[in-house]
Asks: 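One structure follows; several queries about it will come next.
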Amino acid sequence: MSTSQAADRGEWRRTHTCGELRGSDVGQAVRLNGWVDKRRDHGGIYFVDVRDRYGLCQVVIDEKQTGEVKLGPEDVVGVWGQVVARGEDNCNTNIETGEIEVLAERIEVLSRSKVPPFEVIDNLDTAIETRLRYRFVDLRRGPLQRNLAHRSAFIHALRCAFMDEGFLEIETPILNRATPEGARDYLVPSRVHPGEFYALPQSPQIFKQILMISGYDRYFQVARCFRDEDLRADRQPEFTQLDMEMSFVLEEDVFEIWERALVRTFRETMAVDLPESFPRMRWIEAMDRFGSDKPDTRFGMELVALNEWALAGEFSVFRDSVEGGGRVMGIVVKGGAEKISRGQMKPLEKKAREAGARGLAWWKPGLSGGGAGPLARWCEGAHGEELLKIMGALEGDLLLFCADSRQVTWRVLGELRLSLARQLDLIPSGRWDFLWVTHFPMFERDEAAGRWTSSHHPFTAPEDWDLGGDPAQLDSRAYDLVLNGWELGSGSVRIHRSDVQQKVFELLGIGPEEQRQKFGFFLDALAHGAPPHAGFAVGLDRLVALTVGLDNIRDVIPFPKTTSAADLMCQAPSSVPEAQLEEVHIQLRPEARSPQEPPSGADS
RNA sequence: GGGGAUGUAGCUCAAUUGGUUAGAGUGCCGGCCUGUCACGCCGGAGGUUGCGGGUUCAAGUCCCGUCAUCCUCGCCA
């Protein structure tokens with residue numbers, strides 16, 4: 001065996017991948033390349049599994065043939081040899097190439113590997129920290145390779161779907177102008193404009209609207225977006241959207257395009273048949289039935305309104321809540337009387353309080369009235385019977401209640417519903433419950449700042465173009481796509497009239513001067529022939545994660561960042577030499593200065 | 001910014017009330033083995049117990065601080 005002779009001569013072409021040889025290839029002379037996986041040395045006979053992203057192939061080494069062979073884990077090798085049948089007794093049905101093996105004539109090590117920090121195996125329980133630090137090893141593992149291959153196929157199918165619908169794929173700038181509102185921007189200092197900064201796009205929103213104004217009536221893009229906000233399992237500081245926009249359309253047109261694209265993509269990449277059309281639900285209905293604007297509709301346990309019943313009863317907490325403009329709602333946990341013990345009520349109550357409730361009223365109805373729980377004494381006789389009827393509950397169920405403002409009631413019961421469903425394993429698997437949520441409110445009140453904010457974004461069209469009446473009551477033409485309780489994406493019919501856009505800015509407390517300064521170009525564009533238009537963007541990381549059964553988006557992203565937005569492999573972010581800062585006219589504040597040493601990454 | 005969890009060998013974990021030389025599995029290295037495929041057998045190396053400080057005769061263990069990772073609330077138009 002010689003090291004890198006082949007490399008010196010450039011003879012590293014392979015005839016086959018490690019995953020493709022079959023019984024029908026027996027007798028062929030082949031050349032394989034790959035990484036050394038498992039080795040099984042029996043003295044006179046030496047088995048080596050050689051791996052690439054297509055699979056695994058057993059190579060048999062007889063050192064009388066090949067000379068001495070010393071292979072370490074993850075060495076990159078080239079193997080010349082002959083495909084031979086394993087014989088019935090020696091077949092390995094666990095791998096695709098299990099009928100054959102390659103009898104090595106020559107082995108060359110193209111590249112030696114250090115012992116890897118963890119094994120390249122499918123079922124790995126190594127800490128994510130180590131995996132991210134050595135992501136180049138982690139990415140060799142089957143699950144990651146399958147996830148990224150699926151992601152590639154999935155995005156390809158979506159891209160084809162939009163191309164076939166006549167959409168143009170158009171790129172928009174990464175270096176943008178910082179805009180007020182929305183998430184915190186990632187900033188990039190300008191060298192040629194001292195003291196000025198670009199912002200990375202939170203989304204291509206304004207550019208895609210301008211593309212509509214410019215007549216590109218069907219646009220899409222696989223767009224990277226950046227938001228400098230704190231991370232979650234389903235949130236990375238940079239993420240990918242399939243972003244699109246269309247002119248001369250209504251909501252339904254956008255929905256139908258996406259339904260066709262997703263049906264096709266699920267069929268082509270997963271052999272899953274989605275329904276031709278997804279249900280639509282108004283925002284207010286989602287909130288009243290599920291306590292969430294991204295309801296998981298795979299299971300029931302819906303919220304039940306109990307105002308009338310509460311007013312007919314004697315329980316003053318409930319009565320006062322309703323009379324004070326609040327509401328009383330409840331949920332039924334089927335069979336919950338037995339499944340949720342008194343001791344298990346404590347964590348539920350804690351959860352309710354965390355969601356804003358002042359307490360948690362509950363009732364386990366008894367056979368002949370009464371039963372258990374703080375509410376039992378208020379549910380005796382006909383009043384209790386009435387409650388069971390309204391809620392569709394029976395003896396043996398657990399009934400949970402919340403009396404508060406409608407926002408708190410939604411939130412408390414919405415969270416209890418989800419938490420109980422997970423705890424009691426009520427969520428069926430294998431379901432793809434897509435849902436369009438429509439008619440979001442136009443504005444939300446920011447009490448702390450004493451102003452209105454857009455609940456979607458400030459370019460969203462109102463239901464009423466005159467924007468009359470109480471801003472709190474205005475519906476917008478924004479919509480979300482929800483899958484299994486995850487918000488996959490959002491969009492809206494946009495404002496195409498500069499007068500309406502200015503009115504919305506004013507309602508949001510952005511005065512004429514600020515409008516001119518920050519959005520002048522956009523208002524100008526709107527005043528130069530803007531077609532009515534609407535659009536949507538889907539978070540591909542989330543969608544792809546869901547389709548491979550993950551609740552964390554990290555493993556569908558090749559190089560994800562940690563919850564503190566660090567890249568553990570490259571150790572980004574890092575400090576930079578003073579000279580580089582000078583070029584971009586930046587002087588660090590004292591508390592931001594790091595020691596002279598280059599950053600170690602572990603202590604910044 | 002707040003809350004919670006975790007941090008011991010390359011990896012995954014254990015270590016009694018604070019008490020002897022910090023152990024196991026796995027991986028790695030060496031030896032043996034001609035049909036293994038989670039190969040087997042024998043042997044070996046491998047530790048700043050995240051970091052800093054404190055309490056104590058004695059700290060992996062207790063206290064304070066700090067860093068990192070994960071989950072989460074706020075935040076994410």
Side-chain angles (χ1 to χ4, degrees), chain A residues 37-49 56-64 70 72-74 84 86-95 97-98 101 103 113-134 137-138 179-185 202-203 205-206 225-237 239 350-351 353-356 411 415 440 442-444 446 448 452-460 476 478 487 490 492 504-505 508 510 539 551-552 554 560-566 568 571 600-604:
Chain A
D37 203 81
K38 284 275 183 192
R39 299 155 294 159
R40 294 172 294 279
D41 185 354
H42 286 252
I45 190 166
Y46 184 12
F47 301 97
V48 181
D49 294 334
L56 203 66
C57 185
Q58 174 164 285
V59 172
V60 187
I61 297 168
D62 177 350
E63 290 186 326
K64 289 197 282 278
K70 284 229 176 287
E74 299 307 307
V84 297
R86 287 203 190 188
E88 246 171 66
D89 293 346
N90 288 322
C91 280
N92 183 348
T93 52
N94 294 321
I95 60 174
T97 60
E101 60 197 358
L103 185 56
S113 173
K114 289 185 175 178
V115 174
F118 47 83
E119 294 166 83
V120 181
I121 52 176
D122 283 8
N123 296 313
L124 188 78
D125 53 3
T126 294
I128 188 69
E129 193 173 352
T130 313
R131 291 176 45 205
L132 289 182
R133 179 152 171 226
Y134 298 96
V137 175
D138 197 28
T179 52
E181 308 233 5
R184 206 175 284 117
D185 285 318
Q202 298 175 24
S203 80
Q205 185 61 35
I206 286 181
C225 305
F226 305 85
R227 294 179 190 174
D228 187 4
E229 297 292 346
D230 286 350
L231 275 55
R232 289 288 187 282
D234 61 352
R235 260 162 39 192
Q236 284 273 313
F239 58 98
K350 186 167 172 247
K351 188 137 198 102
R353 285 185 192 278
E354 280 166 2
R411 182 170 174 169
E415 296 208 355
F440 276 72
M442 185 76 184
F443 300 109
E444 280 163 20
D446 180 346
W452 295 101
T453 60
S454 296
S455 48
H456 183 49
H457 61 51
F459 315 111
T460 303
S476 77
E487 183 195 320
S490 55
S492 58
V504 168
F505 280 144
L508 292 170
I510 304 172
D551 54 14
N552 194 304
R554 262 191 310 255
K561 293 184 173 56
T562 67
T563 34
S564 62
L568 295 181
Q571 304 198 332
S600 73
D603 53 29
S604 57

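Naming convention: chains lettered A, B, ... in sequence-line order (proteins, then strands); numbering from 1 in each chain. None of these values were measured; they are calculated from a predicted model.
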Asks: Below 3.5 Å between N/O atoms, which protein atoms pair up with nucleotides 10-15 of chain B? Just atom names and distances, please.
Replies:
| residue | atom | partner | partner atom | Å |
| --- | --- | --- | --- | --- |
| B/rG10 | O2' | A/Pro117 | O | 2.6 |
| B/rC11 | O4' | A/Pro117 | O | 3.4 |
| B/rC11 | O2' | A/Thr126 | OG1 | 2.8 |
| B/rU12 | OP1 | A/Ala127 | N | 2.6 |

Asks: Does A/Lys351 reach a base, just sugar-phosphate, or nothing at all? Heavy atoms under 4.0 Å.
Replies: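 It contacts nothing in the nucleic acid.
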Asks: With a cut-off of less than 4.0 Å, is there a side-chain N or O of A/Ser564 near OP1 or OP2 of B/rU69?
Replies: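 Yes.
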Asks: For A/Arg86, report the nucleic acid contact type (base, sugar-phosphate, nothing); a contact means any heavy atom under 4.0 Å.
Replies: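 Base contact.
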Asks: Considering every strand shown, what is the Watson-Crick or G-U wobble mate of B/rU66 when both distances are under 3.5 Å?
Replies: B/rG50
Asks: Check the phosphate of B/rC39 against A/Arg40, side-chain N and O only, distance under 4.0 Å to OP1 or OP2. Yes or no?
Replies: yes
Asks: Return no unless some side-chain N or O of A/Arg235 is found under 4.0 Å from OP1 or OP2 of B/rC70.
Replies: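 Answer is no, no contact under 4.0 Å.
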Asks: Can you tell me if A/Lys38 touches the phosphate of B/rC39, counting only side-chain N or O atoms and a distance under 4.0 Å to OP1 or OP2?
Replies: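 So the side-chain polar atoms of A/Lys38 do come within 4.0 Å of the phosphate oxygens OP1 or OP2 of B/rC39, strictly under.
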Asks: Could you check whether A/Asp41 gets within reach of a base, just the sugar-phosphate, or nothing at all, counting any heavy atom under 4.0 Å?
Replies: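 Answer is base: heavy atoms of A/Asp41 come under 4.0 Å of a base.
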Asks: Just call it for A/Arg554: base, sugar-phosphate, or nothing, with non-hydrogen atoms closer than 4.0 Å on any strand.
Replies: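 The residue A/Arg554 makes sugar-phosphate contact but no base contact.
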Asks: Give, for atom CZ of A/Arg227 and atom CG of A/Asp185, the distance between the pair rounded to the nearest 0.5 Å.
Replies: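 Separation between the atoms: 10.5 Å.
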Asks: Checking all strands, does A/Asn552 fall into the base, sugar-phosphate, or nothing category for heavy-atom contacts under 4.0 angstrom?
Replies: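 It contacts sugar-phosphate atoms only.
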Asks: Between B/rG65 and B/rG3, how many Å separate the two P atoms, rounded to a whole number?
Replies: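 That atom pair is separated by 11 Å.
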Asks: Go through B/rU34, B/rG30, B/rU69 for me and flag the one nearest to the A/Thr562 side chain.
Replies: B/rU69
Asks: On RNA chain B, nearest-nucleotide positions of A/Pro73 versus A/Pro458: which is more 5'?
Replies: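 Looking at the nearest nucleotide for each, A/Pro73 comes out on the 5' side.
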Asks: Scan A/Leu568 against the nucleic acid and name what it touches under 4.0 Å (heavy atoms): base, sugar-phosphate only, or nothing.
Replies: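 Sugar-phosphate, no base atom in range.
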Asks: Taking only the side-chain nitrogens and oxygens of A/Arg232, find out if one of them lies under 4.0 Å from OP1 or OP2 of B/rC73.
Replies: yes
Asks: Could you check whether A/Ser454 gets within reach of a base, just the sugar-phosphate, or nothing at all, counting any heavy atom under 4.0 Å?
Replies: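 Sugar-phosphate contact only - A/Ser454 comes under 4.0 Å of backbone atoms but never of a base.
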Asks: With A/Phe47, which residues qualify under ring-ring contact (aromatic ring centres under 6.0 Å, His included), at least two apart?
Replies: A/His42
Asks: Considering only side-chain heavy atoms of A/Thr563, which listed nucleotide, B/rC70, B/rU34, B/rC37, is closest?
Replies: B/rC70
